[in-house]
Structure formats: C-alpha cells, structure tokens
There are 2 protein chains.
Amino acid sequence: MKVQNTQVQMRKGILEFCILHIISRGEVYATDVIGELTEARIVIVEGTLYPLLTRLRKAGLLDYKWVESSSGPPRKYYKLTASGARFLEKLNQTWSELVESTQMVIQKDKNAPMA
Amino acid sequence: MKVQNTQVQMRKGILEFCILHIISRGEVYATDVIGELTEARIVIVEGTLYPLLTRLRKAGLLDYKWVESSSGPPRKYYKLTASGARFLEKLNQTWSELVESTQMVIQKDKNAPMA
DNA sequence: ACAGGTACCTTGTAATGCAAGGTAATATTG
DNA sequence: CAATATTACCTTGCATTACAAGGTACCTGT
C-alpha cells in the first residue's frame with residue numbers, strides 16, 4: 001500500500017474545489033490553472049484537468065470563450081456561471097466542515113478533557 | 001452535479017487517514033470507530049468501513065484479535081502494526097501539505113500582496 | 001515547407017465511498 | 001427450550017474521479 005495512492009484519493013474532490021476557486025477570481029485558461037495549482041504545490045496533469053473542466057462546463061458551472069493568443073494557438077478562457085458561484089459557496093462550507101471534522105479526529109488525544 | 005458527489009470524493013483517502021488515527025490511540029472494534037467518526041461528524045456506513053479495514057489489514061498496517069463481548073457476539077479489536085504507525089506518520093504529512101496547499105489556493109485573493 | 005512550441009482532447013485503468021443485501025453469534029423474551 | 005431481537009461482521013456491484021498515456025490542432029520561426 002502506497003502513500004501515493006492515499007494522496008491521490010485525498011485529492012479527489014479537492015481539485016474541483018480549488019479549480020473553481022481559481023476560476024472565480026477571473027477568467028483563466030487551462031495552463032493558467034495548472035500554473036496556479038503548481039504554485040500552491042498541487043501538481044496535476046492535463047489528463048485530469050481537461051475532463052474536469054469539461055464536466056464542470058457540462059454541469060453548467062462554467063462558461064468559456066475562445067481568445068486568440070499572440071504567442072501560439074487560441075485559448076479557451078473559462079469563467080464561473082451564476083450557479084457555478086453558488087456551487088462554490090457550498091463547497092467552501094463542505095471543505096471547512098471536512099477539515100474541522102478531520103482535525104477533531106486527529107487532535108483528539110492532544111485535547112484530553114474534550115469529552 | 002451535486003455537492004454531495006464532491007463531498008464523497010473529498011472524503012476518499014481522508015477516511016483511511018482518520019481511521020488509522022483512531023486505531024493508533026488504542027485497540028478498538030468497528031463500532032467504536034464508527035462512533036468516534038460520527039462524534040466528529042464524519043458519518044460513514046459499514047459497507048465503507050469493513051472493506052477499508054480489510055484492505056489495511058491485508059496491507060499489513062493493522063492486526064486484530066477476537067474478544068468476547070459481555071453484551072453480544074464477539075468483537076474484532078484492531079491495532080496498528082509498526083509499519084501501520086510509520087504509514088500514518090507519512091499520511092500526517094501528506095494531509096498537512098494538502099490542507100496547506102488548498103488554503104494557499106482559496107485564500108490567495110485575501111492576501112493580495114502575496115505574489 | 002518543416003520543426004518546435006503551445007493548447008486542447010480522449011480513453012482506459014485503478015481505487016474507494018456508497019448502497020444494498022447478507023450471515024452469524026449472543027442475549028432476551030415468551 | 002424455541003423464537004425473536006440485538007449486535008457484529010461481511011460482500012458485491014455501482015458511480016465517480018485522478019492518473020497515465022496517447023493523440024490532434026494551431027501558431028510561430030527558420
């Protein structure tokens with residue numbers, strides 16, 4: 001059993017949350033997204049990102065437009081739809097609760113009188 | 001697309017981490033584990049827990065012994081093996097890094113001069 | 001025209017939480 | 001004692017998503 005396996009499982013769901021956040025801050029294209037994630041030390045590959053973006057678009061959470069690039073092929077710029085923004089709010093809460101719950105479990109022995 | 005789906009995905013990997021933590025604090029049987037998770041507002045079902053415990057045991061991270069119960073059928077008490085404890089240390093780090101990375105992404109607009 | 005760089009895309013696989021159904025041991029009740 | 005209730009453990013199939021690997025397409029520079 002490999003730690004990497006568990007890490008991959010931990011990332012599931014979290015990537016969607018992070019990506020929606022990045023896009024909520026302004027229109028970006030895929031390579032921007034990968035760059036921002038990498039900056040935060042979340043390294044993902046295109047084979048993960050593109051199907052994810054496609055899922056979100058098909059679910060109506062994202063919209064996109066083509067923009068010509070001055071240094072290569074055209075780029076697809078994504079933005080959140082209104083329902084995408086609402087969805088992200090809910091994920092904010094979901095994430096906060098999960099982190100809080102996990103902290104409760106892993107910190108329990110360090111706060112003995114908590115019962 | 002449902003928030004619940006994303007929540008389920010977010011839980012993947014994290015449950016394994018939490019369960020190893022609970023067991024690291026002393027021998028417990030399955031219903032204890034469910035109780036502690038529920039207390040932390042992580043509600044899981046047996047169909048999740050038993051295959052997970054089986055996987056961890058098969059991977060050599062857990063051992064168990066049967067203990068007669070005074071109020072029902074016998075119980076299977078689990079404990080961490082030495083490699084289980086080492087594995088959990090690594091997961092501690094993995095989780096911390098993931099939380100930190102996620103915070104970096106979702107807090108970026110709130111710390112504008114961070115670039 | 002060709003090569004290189006950049007951007008987007010797809011498919012199959014591995015892994016795990018959930019849902020649903022089940023077996024088995026022990027205690028309690030009639 | 002037999003039947004029922006409670007408790008504990010187990011299994012299987014499904015849905016979902018990150019990864020790995022391979023691919024197409026557009027633009028720029030030589």
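Residue numbers begin at 1 in each chain, while the letters A, B, ... track the order of the sequences.
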Let me know the distance between [atom1] of [X] and [atom2] of [N], rounded to the nearest Å.
X        : N       : atom1 : atom2 : result
Met10(B) : dT16(C) : CE    : P     : 19 Å
Lys65(A) : dC8(C)  : NZ    : P     : 14 Å
Lys58(B) : dT16(C) : NZ    : P     : 13 Å
Arg57(A) : dT10(C) : CZ    : C1'   : 13 Å
Tyr64(B) : dA8(D)  : OH    : P     : 17 Å
Asp32(B) : dA8(D)  : CG    : P     : 9 Å
Tyr50(B) : dC18(C) : OH    : P     : 15 Å
Leu53(B) : dC9(D)  : CG    : C1'   : 10 Å

With the criterion being N/O to N/O and under 3.5 Å, what pairs connect the protein with nucleotides 25-30 of chain D, and how long is each?
none

Which residues pass the side-chain contact (heavy atoms from CB on, under 4.5 Å) test with Thr94(B), sequence neighbours left out? Val3(A), Gln7(A), Met10(A)
So does Tyr29(A) get a side-chain nitrogen or oxygen closer than 4.0 Å to the phosphate oxygens (OP1/OP2) of dC8(C)? no
Can you list, pair by pair, the side-chain donor-acceptor contacts under 3.5 Å of residues 39-68 of chain B, counting residues two or more places apart and other chains?
from     : atom 1 : to        : atom 2 : distance (Å)
Glu39(B) : OE2    : Lys108(A) : NZ     : 3.2
Thr54(B) : OG1    : Tyr50(B)  : O      : 2.9
Lys65(B) : NZ     : Glu27(B)  : OE1    : 3.2

With [X] via side-chain hydrogen bond (donor to acceptor under 3.5 Å, both in side chains) - residues at least two apart:
X        : value
Asn92(A) : His21(A)
Ser24(B) : none
Glu97(A) : Gln93(A)
Ser96(B) : none

In this structure, CD of Gln9(B) is separated from CD of Gln4(B) (nearest 0.5 Å) by 12.5 Å
Taking salt bridge (Lys or Arg N to Asp or Glu O under 4.0 Å) as the cut-off, I'd like each qualifying pair that reaches into residues 71-81 of chain B, sequence neighbours left out, listed once. none
For Cys18(B) and Leu37(B), the nearest pair of non-hydrogen atoms, with its separation, is CB-CD2, 3.9 Å
How would you summarise protein contacts on nucleotides 15-24 of chain D per nucleotide, using B for base, S for sugar-phosphate only and - for none, with heavy-atom distances below 4.0 Å? -BBSBBB---
